[in-house]
Structures are given as C-alpha cells and as structure tokens.
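This report refers to the structure that appears directly beneath it.
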Amino acid sequence: MMLSRSVFQNIVFILALSALFCPKGVMAQDAAAAPKGKTIEVFGKSEMVVPTAFQPVPKRSRILDYEFKATDKSNDQPARVTMMASGGGIDANIKRWKGQFTGGNEDAKKVENKKLGEVTLHLVDTNGNFTERMGGGPFAGGKMVQRRDYAMTGAILEYPDGKTYFVKMTGPNSVVQANREEFVKMLETLSDK
C-alpha cells in the first residue's frame, strides 16, 4: 500500500505534535529512573534520597539529624538507620565503630573508599556481638547492652572542607545484610543541592 505525499506529511505532523505536547513516555521513563523516597539535606549543600523502605522513626538522641528503621521478614527486630554531622577524624571513628563489635565473620569486615562527586565515601562493614551504649551518648556513661549476631554498615561522608557526616545502619545481621544494597544505593544518590 502506497501512501500519498499529503497523507504521509499529515502522519509526520501528528507524530511531531504528539512528541511535543504529550511526552508521556519520556516522563514515565524519567520517573521510573528517579529514586523514590524522602529527600534529606546534608550540611545545607547536599541532598540524599532515603528509600521508602526505610521508615522514619522518632530520634533516640538529640544529636541525630534523622533516624529511620530498616526491616526484613527474617527478623522481627528492625535495624536503626541514623544520620548526623560529626567529627573526630576518619580513622579514629572507623576504629571506634569496629571496636564496638567482637567475634563475627572476618571475611565480611571491610572498609571501602570511593568518590561521590567531590565527597569521599568511607564505607565500613563489620559484624559480630555488638556492645550498645544505652543513654549517655557515645562517649559518656550509660548502661552497656550486648547484642548477639549484629552487623553495621556505616558511612562517613567526607566533604572537601573537612566536614564529616555519618550514616549508619546497625541491627541484627540478617536485617542489615537484607538492606545493605538499598543503603549503598541511598548513599549514591548524594548530590549537590
């Protein structure tokens, strides 16, 4: 079947108008690619998208900027996802985080470093029996509680001006492992505001 020149031109014109005024397909692709969740602010200059799977909860400490819970069907107890500005040096904090755990799987303990634009991400994985301080803050008093078979995936976001921001997921090993990939994807959404 042969189309006349005018019919062909009309079809091309209609397709062009459709693309111009109805970019539905493009918008659907963009929406599917965009991360879904709550956008939070870091130091007033960066943003990160917290996935909808991490549910906001009341902060257990005033020093936290944000607190969420991560869950998994394999365990009734959620993991805590906490976020806060902090200091004290990269190596000293990584050593302190690791020191909160004893035993565990040595092969699963690691530290990775990568760039997220101008920010350096220090990603720490550790596991074992976790010593949690209840009340009093990280360096002061409070009751010590032992948590068996726990894990932590923690991140230190190091900015070029020397500021550091901590993002940690701590909880039962099975819950942390089930949510680790989502946690890392969240960190990779970090972008300039």
Between Leu123 and Ala155, which heavy-atom pair has the shortest distance, and what is it? CD1-CB, 4.3 Å
Nearest heavy-atom neighbours spanning Val81 and Ala70: CG2-CB, 4.1 Å
If you measure from CD on Gln177 to OG1 on Thr153, what distance do you get to the nearest 0.5 Å? 6.0 Å
Check whether any side-chain N or O of Ser174 sits under 3.5 Å from a backbone N or O of Ser74 as a donor-acceptor pair, and report yes or no. no
Report yes or no: does Glu181 contribute a side-chain atom to a donor-acceptor pair with the main-chain N or O of Ala178 at less than 3.5 Å? no
Treating Asn127 as the side-chain partner and Asp149 as the backbone partner, does any N or O pair qualify as donor plus acceptor under 3.5 Å? no
Specify the closest pair of heavy atoms between Gly44 and Lys193, including all atoms of both residues, with the distance to one decimal. O-CD, 3.6 Å
As an exercise, state the distance from CG of Leu190 to CG of Asp192, rounded to the nearest 0.5 Å. 8.0 Å
Give a yes or no on this: more than 12 heavy atoms of other residues, nucleotides or ligands lie within 6.0 Å of atom NZ of Lys45. yes
When rounded to the nearest 0.5 angstrom, what is the spacing between CE in Met48 and CD1 in Ile40? 4.0 Å
Under the 3.5 angstrom rule, does the side chain of Tyr66 hit a backbone N or O of Glu41 as a donor-acceptor pair? yes
Find the distance between OG1 (Thr131) and CE (Met144) and round it off to the nearest 0.5 Å. 5.5 Å
When rounded to the nearest 0.5 Å, the distance separating NZ of Lys168 from OG1 of Thr82 is 5.5 Å
Check whether any side-chain N or O of Lys69 sits under 3.5 Å from a backbone N or O of Pro78 as a donor-acceptor pair, and report yes or no. no
Side chain of Glu67, backbone of Arg60: donor and acceptor closer than 3.5 Å? yes
Can you confirm if the aromatic rings of Phe43 and Tyr165 lie within a centre distance of less than 6.0 Å? yes
Thr170 versus Tyr150: any side-chain heavy-atom pair under 4.5 Å? yes
Any heavy-atom pair between the side chains of Met152 and Phe101 that's under 4.5 Å? yes
Regarding Glu106 and Lys109, does a basic nitrogen lie under 4.0 Å from an acidic carboxylate oxygen? yes
Over all atoms of both residues, closest heavy-atom pair of Asn173 and Ala151: OD1-CB, 3.3 Å
